[in-house]
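Please read the structure below before turning to the comments.
All values below come from the heavy atoms of this structure, side chains included, with hydrogens, waters and symmetry mates left out.
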Amino acid sequence: MKVNGPTGPSAPQGSRQTRQASGGFSLSSTGGAAPSNATQATSAMGGVADVGALMALQGVEDPTERRRRAIRRGHGLLDRLDELKLALLDGATGEAALGRLAKTIGEQRPEDPDAGLSQVLNQIDLRAAVELAKAEIRRTAA
């Protein structure tokens with residue numbers, strides 16, 4: 001028997017060889033036993049278990065990722081507040097900027113154990129809520 005790189009072993013030239021559809025291990029038809037269904041089922045279940053384990057790991061969020069998401073949300077709110085400020089300075093109503101601000105503030109805020117970061121994020125949230133309330137007062141007064 002000769003081994004040909006990653007494709008696996010090859011049978012001598014004179015013998016017939018059976019191949020599985022999956023490209024796995026195969027035995028020549030002259031004396032080898034056929035692969036059992038239990039072996040095939042076990043290998044198929046192993047693949048499913050591996051995918052399940054990977055998906056479970058992706059669902060776990062570490063503190064650094066939670067912190068990154070909180071900071072990203074804070075930056076997003078500050079960007080929306082800047083858009084609103086520029087729209088109001090241009091004399092526009094800023095309805096599009098207000099809509100984006102309301103959407104961003106409606107996103108779930110991840111909690112961070114860092115008290116300093118939480119305090120800054122609370123202040124950003126408060127400023128955004130004040131701007132939305134002021135816009136609502138302008139709408140009702142007009």
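- As a member of the Ile/Leu/Val/Met/Phe/Trp/Tyr network built from side-chain separations under 4.5 Å, Ile137 groups with nothing else and remains a singleton.
- Take Asp125 and apply the side-chain hydrogen bond (donor to acceptor under 3.5 Å, both in side chains) test, not counting sequence neighbours, and it matches Arg73, Arg109.
- Between Ala128 and Leu77, the shortest heavy-atom distance links the atoms CB-CD2, 4.1 Å.
- A pairwise comparison of heavy atoms in Ala70 and Pro110 identifies N-CG, 3.6 Å as the closest pair.
- A search for side-chain contact (heavy atoms from CB on, under 4.5 Å) contacts involving Leu88 returns Leu84, Arg138, not counting sequence neighbours.
- By the rule that hydrophobic residues join a cluster once side-chain heavy atoms approach within less than 4.5 Å of another member, Leu86 and Ile124 end up as members of separate clusters.
- By the side-chain contact (heavy atoms from CB on, under 4.5 Å) test, Val130 pairs with Leu126, Arg127, Lys134, sequence neighbours left out.
- With sequence neighbours excluded, the residues that form a side-chain contact (heavy atoms from CB on, under 4.5 Å) with Asp114 are Arg67, Asp112, Leu117.
- In this structure, the side chains of Glu107 and Arg69 stay at 4.5 Å or more apart for every pair of heavy atoms.
- Between the CD1 atom of Ile105 and the CD atom of Glu131 there is a distance of 10.5 Å, given to the nearest 0.5 Å.
- Residues meeting the salt bridge (charged side-chain N to carboxylate O under 4.0 Å, His left out) test with Glu83, sequence neighbours left out: Arg80, Arg100.
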